[in-house]
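Structure first, then comments.
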Amino acid sequence: MEDERLYPFNTIEPKWQKFWREQRLFNIDTKNTANKYYCLMMFPYPSAALHVGHGRNYIIGDVVARYKMMRGFNVLAPMGFDSFGLPAENAAIKGGIHPKTSTLNNISTMKRQLNQWGVEYDWDREVISCLPEYYKWTQWIFVKLYEKGLAYKKKAFVNWCPSCKTVLANEQVVNGACERCSTEVSQKELEQWFFKITAYADRLLADLGKLTEWPERVKTMQANWIGKSEGVEIDFKIDGMDRTLKCFTTRVDTIYGATFIALAPEHPLVNTLIKGCKDEAGVLKAIQKMRNESKIERSQAEIAKEGVFTGRYVINPVNNKKVPIWIANYILMDYGTGAIMAVPAHDQRDFDFAKQYKLPIEVVIDNPKESLNAGTMKEAYTEEGVMVNSAQFDGLTSQVAMKKIADYFEEKEFGKKTTQYKLRDWLISRQRYWGAPIPMIYCEKCGVMTVPAEDLPVLLPESVEFRPTGESPLKFVKDFVNTKCPKCKGPAARETDTMDTFVDSSWYFLRYITPKMNDKPFDTDLVNKWLPVDQYIGGIEHAILHLLYSRFITKFLCDIGMVGFDEPFKNLFTQGMIIKDGAKMSKSKGNVVSPDALIRDFGADTVRLYTLFIGPPEKDAEWSDRGAEGSYRFLGRVWRLVEKRPAAKGRAASGAKISKEAEDLKRKVHQTIKKVTEDLDGGFHFNTAISAIMELVNETTDAMNAEAATPGDGAGVLAEAIESIVILLSPFVPHIAEEMWQSLGKENSIFKCKWPSYDKAAIVENVLTIPVQVNGRLRSKVEVPSDISEDKLKELVLADPKVNTWISGKAIKKFIVIPKKLVNLVVQ
RNA sequence: GCCGAGGUGGCGGAACUGGCAUACGCGUCGGUCUCAAAAACCGAUUUCCUCACGGAUAUGAGGGUUCAACUCCCUCCCUCGGCACCA
């Protein structure tokens, strides 16, 4: 085994890991804010073992931190654990290990793995969200939200996962199934706590515009999720009743074409409306049937439209016509007002429904290209057009009419302009144990109140029984539930729900600045100096949930003066997944690549290098063990290069005449410095930066072999090349770089040295190879001095024998010269 | 259906602002070393024709603009991700 190693990574790696810790390379004083750079990786949930896919995130972050360090920044790179959550509790129910024990065990395993990867952090700032010193402040934020009316409790239909035995936020339901375990989600009516994120909908949407350094796709996903639409809320008078019915529409221009009204089966007016109608029992039965189709069934696929007439009518305010009220299964209670004005001619869903129940279709927007006929149209016309059958609005374009009719409605008080969002309030109650207890107390005399600040944290009792009941285990802990009312000191009960773990993770990045502070969640002044985060790195799977919640909580903290900024993350980078055998790595698929064996056989630097070289980091990439071996061989070549380098006689004196070979190598060195620096500054182009260094290594190896064969003046440039290679590689492969740096005779850590800058004069090519095309096809190449005149170049090209074979006997129509790039002759 | 990203050798992928397509790595083939093998090193490698020189051909498909197109424009196909009866 020993001889098979290309270099002694197994001794080098622990040596430098220990060195970095002892030197406190990553430990910083946040009071020193000059030249600060906050490099943040999304903190992980502590699962049992990391695979190479997880590693990508940490490796990228580590490269950025080390590179910025070498660029002279005061880098804050902290790490922590998002350590409340369901898996630990489910494991406790199954295996009987307390969540706290298994979580803390997993944390220490993960820390060991991170350390093995050579990924370093300021561990003095570690934040663990399941410990009281942290969740005390999560509870404190809850209290602040409650005080501002942004945390409230209501009875609501909620998403219930029968397998996890808990409720889920809308964001955690994926295709009608639980985000975590993929079990189909059902609906349950429960009293739940919510955060009023909808109060911030407009700002969360508008401020996406400020996030210029975020990936477009993340912003689009958030915008779609918030789902803003502007329209008019119309008050329809119900015929024969002293009530109105509100309908939201974005197409008020189609009001004259409304031929029926449709209500969601859950609409609160339904029972009143059908009272006394012809077949009350039959109608009620039909409605009941629609209600029983769960929300999920309704949203899964386009199910057949169904509906029933209520026997009632509303009056269309614009023309006083009677319009029938129907109940329809395609109307959602939780969007808009749960009732719509249906315009079959101009909305496909209404059209389908009208066809099925033979309801009238009236064209009110005509297609300017081809006039519409209500009787023969096959589908709704949803485009813009010209107003018809719309009284005084006839002849206007629909866009103009939209505004005019909206104004007319407000003037006549038929309705008002409003904005609707798809975003729902954030359901944060969980009937589970392993989360931060919601700090509320219920007193029979004094009512609902928050736990006073001085009594925080509300500690999670350690001794509980884990049962798969679907009810919070806290309910059965008498010492926990029974408490005193903070006001009247009489007997009172605690809230037994805990908070969604996304609450924990929506403020942790603030805690890292002053992680030990115990009288406040964080120091506002220091936080204002360090945030917004300069670079946030994490998975695309958090595009909506975590990133939206964090933005919301930051805006809230900004509003109450706790922070001085309203967006937490300036630059966001979302890395792609590492795929194996065409699928995301997961234990159940059995395609997990563990870093342990790879690190044992090839070393951490190989795993790091391959992970970075595999492809553009924002894209998914297929893992290949063979590919990883290629990275190992490369490191072996670099190692040998450093070992076999000729004794440096000192650099060639500047200005001294050097050979062409030496000059070529020097040019390559400086071109590579330029390329790597630009790749790291301009984006996260690690893969191309590494291939540029590989090219330099190849050229340097050739130059060294040539120098060994026929010694010349190359030693000085070779030394410069080797030193540059080691520095340029260091952020990617820090252990081997430190070792080689040391063997080059350097004393300090390589990360204390300055990142090289390139010499503009050295990268200038003085001889150029100019491709020559004839009629756009490459026919020859000419070598010319870079300062050649255009005339001289033309002369040379025309003298070129290869070119001549292609142009002889033909007339030159055009002679295109792109200076320093290419020549193209057009002949006929 | 809507929104977003993408489609380049056997594979992962390069290519600036329209200017030598296929860098770098993997794999494969050949060679060196070895009794032999592995490892390592050196060389070849879009495809087709050619002993060779060389030529033709190719960036999902088709068309267009241009002296010149992976890059710009139009039409279409496919893959991945998100949202989805949102009025």
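Letters A, B, ... are given to chains in the order of the sequence lines, protein chains preceding strands, and every chain is numbered from 1.
We find that CG of A:D679 is positioned 14 Å from C1' of B:rG13, with the value rounded to whole Å. Between the C1' atom of B:rA87 and the CH2 atom of A:W326 lies a distance of 18 Å, rounded to the nearest Å. The CZ-P distance, from A:R424 to B:rA84, rounds to 11 Å in whole Å. A straight line from CH2 of A:W623 to C1' of B:rG25 spans 14 Å, rounded to a whole angstrom. What separates CZ of A:F613 from C1' of B:rG12 is a distance of 8 Å, to the nearest Å. In this entry the distance linking CZ of A:R637 with C1' of B:rC24 reads 10 Å, nearest Å. In this structure, CG of A:D681 is placed 18 Å from P of B:rC16, rounded to the nearest angstrom. Here the P atom of nucleotide B:rA14 and the CE atom of A:M694 are 14 Å apart, to the nearest Å.
In summary, A:R626 and A:E629 do not engage in a salt bridge, as defined by a charged side-chain N under 4.0 Å from a carboxylate O. Under the 4.0 Å criterion applied to side-chain N and carboxylate O atoms, A:D800 and A:K802 are not assigned as salt-bridge partners.
Straight-line distance between the C1' atoms of B:rU57 and B:rU8: roughly 15 Å, to the nearest whole Å. Across the P atoms, B:rA87 and B:rC70 are found 43 Å apart, a figure rounded to whole Å. Between the C1' atoms of B:rC85 and B:rU66, the separation comes to 48 Å (whole Å). For B:rG54 and B:rU65, the P atoms lie 34 Å apart once the distance is rounded to whole Å. B:rG60 sits 13 Å from B:rC11 when the P atoms are compared, rounded to a whole Å. For B:rA69 and B:rG64, the P atoms lie 12 Å apart once the distance is rounded to whole Å. The gap from the C1' atom of B:rC33 to that of B:rC42 amounts to 11 Å, rounded to the nearest Å. Of the C1' atoms belonging to B:rG12 and B:rC2, the separation is 32 Å, rounded to the nearest Å.
Between A:R217 and B:rA5, a side-chain N or O to OP1/OP2 separation shorter than 4.0 Å is absent. Taking side-chain N and O atoms only, A:R777 has no distance below 4.0 Å to OP1 or OP2 of B:rC20. OP1 or OP2 of B:rC11 has not a single side-chain nitrogen or oxygen of A:R626 nearer than 4.0 Å. The side chain of A:T688 places no N or O atom within less than 4.0 Å of a non-bridging phosphate oxygen (OP1 or OP2) of B:rC24. Side-chain N/O atoms of A:K814 include one lying less than 4.0 angstrom from OP1 or OP2 on B:rC67. For A:R779, a side-chain nitrogen or oxygen approaches OP1 or OP2 of B:rA56 to under 4.0 Å. For the OP1/OP2 pair of B:rG27 and a distance below 4.0 Å, the side-chain nitrogens and oxygens of A:R633 include at least one atom meeting the criterion. For the OP1/OP2 pair of B:rA14 and a distance below 4.0 Å, the side-chain nitrogens and oxygens of A:N687 include at least one atom meeting the criterion.
The partner of B:rU79 is B:rA5, judged by Watson-Crick or G-U wobble contacts that both fall below 3.5 Å.
One distance of note links CD of A:Q773 with CG of A:N824; it measures 4.5 Å at 0.5 Å rounding. Put simply, CD1 on A:I770 and CG on A:L793 are 6.0 Å apart, with the number rounded to the nearest 0.5 Å. Between A:M577 atom CE and A:N57 atom CG the span is 13.5 Å, to the nearest 0.5 Å. A:N687 contributes atom CG, which lies 9.0 Å from atom NZ of A:K619 (distance to the nearest 0.5 angstrom).
For a distance-only test at 3.5 Å, the side chain of A:K813 fails to qualify as a donor-acceptor partner of the base of B:rC67. One N or O donor and one acceptor, one from the side chain of A:N824 and one from the base of B:rC67, sit under 3.5 Å apart.
Within the nucleic acid shown, A:N775 has no heavy atom closer than 4.0 Å to any nucleic acid atom. When heavy atoms are screened at a 4.0 angstrom cut-off, A:D620 is found touching the sugar-phosphate backbone but no base atom.
Of all nucleotides listed (B:rG82, B:rC3, B:rA23), B:rG82 comes nearest to the side chain of A:M221. Comparing B:rA87, B:rA21, B:rC3 by their closest approach to the side chain of A:S229 singles out B:rA87. Distance from the side chain of A:W806 is smallest for B:rG55 among the nucleotides B:rG55, B:rA87, B:rC26. Of the candidate nucleotides B:rC20, B:rA87, B:rC24, B:rA87 has the atom lying nearest to any side-chain atom of A:T250. For A:V826, taking side-chain heavy atoms from C-beta onward, the closest of the listed nucleotides B:rC67, B:rC20, B:rC41 is B:rC67. Out of B:rC24, B:rC20, B:rA40, the shortest distance to the side chain of A:L822 is found at B:rC20.
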_From CA spacing to verdict: ring pair (Phe, Tyr, Trp, His ring centres under 6.0 Å), A:F353, A:W326_ = CA-CA 10 Å; A:F353 192 84; A:W326 284 66; 5.6 Å; yes
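Its glycosidic angle being within 90° of 0, B:rG9 falls on the syn side.
Mapped onto RNA chain B by nearest heavy atom, A:S691 and A:K422 fall at different nucleotides, with A:S691 at the one closer to the 5' end. The nearest heavy atom of RNA chain B to A:E216 and to A:G336 marks one nucleotide each, and the one closer to the 5' end goes with A:E216.
You'll find the ring centres of A:F602 and A:Y610 outside the 6.0 Å limit.
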